[in-house]
Each structure stands twice: as C-alpha cells, then as structure tokens.
Amino acid sequence: MSNNIVSLTSITRPQPAGTGGGCASKACGSSEGPGDMPAHIWDKVKDHPCYSEEAHHYFARMHVAVAPACNIQCNYCNRKYDCANESRPGVTSEKLTPEQAARKVLAVAAKVPQLSVLGIAGPGDSMYDWRKTFETFRAVEKSLPDLKFCVSTNGLALPDHIDALADHNIDHVTITINMIDPKIGALIYPWIYFNGRRHTGIEAATILHERQMEGLERLTAKGILVKVNSVMIPGINDQHLLEVNTAIKARGAFLHNVMPLISDAAHGTHFGLTGQRGPKASELKDLQDKLAGGANLMRHCRQCRADAIGMLGEDLSQDFTLDKLPEAPAYDPEPRRLYREVVERERADRTKAVAIASAELALTEAPSRLVAVCTKGGGRINQHFGHAKEFQVFEVDAQGVRFSGHRKADNYCVGGYGDDEKMDGVLAALEGIDTVFVAKIGRCPKDDLKKAGIEAIDLYPFDYIETAVAAWYAERFGVQAETA
Ligand code: CLF
Ligand code: SF4
C-alpha cells in the first residue's frame, strides 16, 4: 500500500500550546462550513472532497472507469485517453465492467477509511454510457450504502436521465459547460452526435448549450447539487467564462470549477496540435478573482484521472489495478466509521482555532501574501518538503487565510537523496511565492530555496495550516499572536 493516503495519526496530532488551532470560519474564507449553508446542504457536501474545500482535507474519492463511450468531440480531448472534462489528458484508465468496478470499490473501502465518494467520470461520458453507470451504482449501493455517488457529464444526454439520477440517490452531478454562446462553442466542439446523427458547427454548439442548460435547471429543481466545470481556454472562452458563471448561478449551480486547459502536442488533441496554449497559474487566479461574488468557486480541483483513487492530489490507482484485487474483498465498516468520528472532533477543534486566528489577522493592515504549504491532508502542515508532489497555496491578509489553489511539482527527495534537477521544477512551481511552510526540510534544500529568494518555514510542524500562517503573518507584520 502506498503511503500517500493520510493516516489517522497525521490528522490527529495534538495542537501544541501557543499555536492556535485551524480554519473553517467564513471570516477566514478558506472553506464553507455548516454556518454558511442550510443544514441539509451541508449534510450533502460535508464528506465530499470536491464539493467542500474543507472536506478535501479529510476525505477521499474514487473513480471507476466504466463508461468509455462519448457522444461529442471536444478540441482538448483525444479519445485514446480519458474524458478531459474531468481528467488530465495524457493518462489512460483501466476500463472496468460494472461487476469489476463493484469489486474494486469494496477493496478500496476496506483499505482507505477516508473513502466517502464514488464518482463516474468516464473515460467517456457517464450519461451517454448510462447503462453501465447506473448498473455500477446499483452493484455498489448494496455493500456500501453510506458511500455518496457522483457523476460527471458533458450534459448532452443529461436531460434524458434526470429521474434516473434522482432514483439512484445521486446527489452530485458535474456538467462541463465551456460556453453559453454557440459561436464560442463552435470553436471548442467540432461535432456532437445527437438524435441519431452528427451535427457540426454552430448548430452542434446550440444543441449542446440548450441541453446543458435544461439539465442544469431540472437537476437543481430536484435538489440535486450541480457543479459546473469549465475549461479555461485563453483567447477562446477565458473572458466569456464570466458570462457562463452568471448564467449558471442564475440556474442554481452550487459550484463553478474553472480548470486550466492542459494542452500538449504529445497528447494528440486538436488544441495540442494547433498550439493552443493553456492559461498560466496567474491568469487562472486573475479570472477566479474576477469571478468572486458570482457562483461559488471551487479552487481545489486536481483534474484527476477517470480511475483516480485517494485524497485529491494523491493517486492510489496503481495500488488497486485489477490484477491486485482479491476475488472477494473482505470489508469491515468499522475503520471508516471510526475515521468519521475522528474527523468530527478535528473539525470542531479546527473551527474554534480558526476563529482565534482570524481575529488576530483582523488587526493587520499589510497587503495580502501568497504562501505555499506542504500537507498530506487533515488541514495540517504535515509533510516533509522533499516528499511534496504538490504545494497548496493560501492567500493571507486581514480578511483571513484562504485556500487559493495548488501547484504541482515533482517531489525533490527520491530514495533519501535530494535531486537538484527536480529543485528547478520546484522553483518554477513556486513562481510568485516567497514563503513555503514545511513540516521538515533539509539544510541543503533550505539553502537552495533561500538563494532563490524563498524562505522555508519549519516552525509549525503538524499545526493547522491557517493558524500557522496567521501566526507567522501577524508576527511578521507587527501584530503579536496571542496564545490560543
Ligand atoms: Fe469525481 Fe468529479 Fe465527483 Fe469529484 S472529481 S466525479 S466531483 S468525485 Fe473533483 Fe477530480 Fe476535480 Fe473532478 S478533483 S477532476 S472536481
Ligand atoms: Fe473527450 Fe470527455 Fe469531451 Fe467526450 S466529453 S470528447 S470524452 S473530453
């Protein structure tokens, strides 16, 4: 078993006196908590790592790649790989039958107590390939009734399955909506297959748009939470996504997840081959900042693959390939139940601590800063710099400590030794960030970072991210942090 998954001990380490607690308040802004939404909605999102930024520190999702067929062509997709609406292009998943998928879900639930959501995100379209999608959910619900079900779709076939989604207790549906103007849509979708024939150009984009809006409206009318994914394509739909955000908010979308186009000629996609670039991290952040005040934004998406398993940002899929699955996995529900109890205690502790940290920050007047954090979950600074495959980025100012996004990087330390070439990649990933919080760091990488103008802070190992960042910021900008 990989050590990627967060352990119980890593999220429950006691908070040292004097360093405060953690973050979940609205003032802090890093996540929505039970105080920010009706209780029945919180109940639906509190264990969903994609629908709640706060939950993604604690809970894991898994995808099963049971739906290979698709009914549209996106210019950022190569069918050789998974659906790029929910996955990184360039990785392929092991396709499963519904029966194989149910076996795999049981095997994962037996080993990963953090598992809370089963999603179907391709490798084609879950609603076009609806028979396999629903068959899989039916096979799983018998053995794991507490698992939340989630689907992702391009929306074209969605209106035909609204009742079936409700009947299968699917509370979470993602629709990829890249445009509301078919003229822009025609630049993204060369064709769709609908009502027995192929449609192209503006006609195709108009049908797709109308079906997406119909699906969104009917799902929200049924109380199903809809997240909208939009792929940000510079020069094509980047500014248009402001209108998309307004339109989906008006139709009741719960979240808007703007994802950067990943474009590479090696992936063989139309955009990759024609040199269409993806946005820079700073362009994505600028757009997300412009969208503030519209539909709620998801900023913690990891564009995971159609067979991803684990906490967002980690992937245990290679530990659960078909050849490694037992014929009849033995499953004991107790570890998952106990884990949820631990999380409830942690959340309460963290919420209290964040209120204190936020109050301290309210006294500061300095400009906002972006900082990077090494974490493997639990909302704590609990990862060695050398092991980080991504950095979580937080923005801090008088308004609080807010999750801003993440930056991927190759882990610097391999087999106990630092890799100088990888340090270049780490420095590139940290562009625009001059402070990184780590649980631990060696002297050499610390010096290398310093030479590049980046300060590594290792004073808060295992503390909650927000309290540590708040304490550092308050001290650095002249406000004395109080003992929590
Ligand atoms: Fe999967 Fe998508 Fe459900 Fe999450 S992923 S179907 S909503 S359970 Fe999550 Fe992965 Fe981003 Fe998707 S991080 S790509 S948003
Ligand atoms: Fe590819 Fe998904 Fe678009 Fe279908 S909907 S073409 S699988 S990205």
Side-chain angles (χ1 to χ4, degrees), residues 44-45 47-53 55-56 59-93 105 115-129 133 137 147-158 170-178 185 188-193 204 208 212 224-231 254-262 267-271 297-315 317 390 405-406:
K44 286 183 182 180
V45 303
D47 301 344
H48 197 308
C50 303
Y51 280 67
S52 161
E53 189 272 310
H56 104 282
F59 289 102
R61 54 70 185 106
M62 72 175 289
H63 291 162
V64 285
V66 295
C70 187
N71 48 356
I72 71 174
Q73 179 62 57
C74 305
N75 276 333
Y76 46 75
C77 177
N78 176 350
R79 297 300 177 81
K80 209 164 73 176
Y81 304 121
D82 293 348
C83 174
N85 283 336
E86 191 78 6
S87 313
R88 287 191 304 277
V91 288
T92 46
S93 299
V105 177
L115 182 69
S116 62
V117 175
L118 169 63
I120 297 184
D125 187 75
S126 66
M127 289 295 94
Y128 184 55
D129 224 343
T133 295
F137 287 135
L147 212 55
K148 284 190 180 3
F149 293 156
C150 190
V151 297
S152 168
T153 174
N154 62 45
L156 183 59
L158 177 61
I170 295 166
D171 275 338
H172 303 83
V173 174
T174 295
I175 314 173
T176 298
I177 300 179
N178 295 321
I188 303 170
Y189 306 102
W191 57 261
I192 66 166
Y193 186 79
L208 180 62
Q212 289 175 335
I224 293 174
L225 297 183
V226 180
K227 172 167 72 64
V228 168
N229 282 359
S230 296
V231 180
F254 180 73
L255 267 184
H256 192 191
N257 172 26
V258 178
M259 312 187 298
L261 171 74
I262 300 173
H267 300 151
T269 63
H270 174 79
F271 281 154
L297 286 186
M298 174 185 188
R299 292 176 186 253
H300 60 284
C301 175
R302 302 302 201 278
Q303 290 172 282
C304 37
R305 47 194 284 171
D307 62 357
I309 296 173
M311 309 286 280
L312 303 191
E314 304 283 8
D315 188 5
S317 57
E390 69 165 31
H406 68 282

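Order of listing sets the numbers, starting from 1, for every ligand and every atom in it. Side chains are part of it too, since the values below use all heavy atoms of this structure and drop only hydrogens, waters and symmetry mates. This one's a predicted model, so the numbers in the text were calculated from it and none came from an experiment.
Residue Cys74 touches ligand 2 through backbone and side chain together, judged by heavy-atom distances below 4.0 Å.
Ligand 1 has Met298 within reach: a non-hydrogen atom of the residue lies less than 4.0 Å from it. Within the 4.0 Å heavy-atom shell around ligand 1 one does not find His172. In this structure, Asp125 has no heavy atom closer than 4.0 Å to ligand 2. Under a 4.0 angstrom heavy-atom cut-off, His300 registers as lying outside contact with ligand 1.
Asp315 places no side-chain N or O within 3.5 Å of a backbone atom of Ala308 that could act as its donor or acceptor partner. For the pair Thr133 (side chain) and Met127 (backbone), a donor-acceptor distance under 3.5 Å is absent. With Asn78 contributing its side chain and His267 its backbone, the two residues share a donor-acceptor pair below 3.5 Å. Without hydrogens or angle criteria, His172 side chain to Lys227 main chain gives no donor-acceptor distance under 3.5 Å.
Counted by atom type alone, Thr176 and Asn154 present zero donor-acceptor pairs between their side chains at under 3.5 Å.
In the vicinity of Thr174, heavy-atom distances shorter than 4.0 Å reach the ligand 1 atoms 7 (S). For ligand 2, the atoms sitting less than 4.0 Å from at least one non-hydrogen atom of Cys77 are 1 (Fe), 6 (S), 7 (S), 8 (S), numbered in the order shown with element in parentheses. Within ligand 1, counting atoms from 1 as listed, the ones closer than 4.0 Å to a heavy atom of Leu312 are 13 (S). Here is the list of ligand 1 atoms found below 4.0 Å of a heavy atom in Val117: 8 (S). Every atom of ligand 2 with a heavy atom of Asn154 under 4.0 Å away is listed here by number and element: 5 (S). Less than 4.0 angstrom separates some heavy atom of Cys150 from each of these atoms of ligand 1: 3 (Fe), 6 (S), 7 (S), 8 (S). Within ligand 1, the atoms closer than 4.0 Å to a non-hydrogen atom of Cys50 are 4 (Fe), 5 (S), 7 (S), 9 (Fe), 13 (S), 15 (S), numbered from 1 in the order shown.
Cys304 lies apart from atom 11 (Fe) of ligand 1 in this respect, since none of its N, O or S atoms is found at a distance under 2.8 Å.
Around atom 15 (S) of ligand 1, the closest heavy atom drawn from Met62, Lys227, Gln303 belongs to Lys227.
In this structure, Tyr51 and Phe254 have parallel ring planes: the angle between them is below the 30° cut-off, well short of the 60° mark.
Residues Val105 and Met62 form a side-chain contact, since some pair of their non-hydrogen atoms from C-beta on lies under 4.5 Å apart.
Here the closest non-hydrogen pair linking Met311 and Ala60 is N-CB, 3.6 Å. Minimum interatomic distance between His56 and Arg302 (heavy atoms only, all atoms of both residues): NE2-NH2, 3.6 Å.
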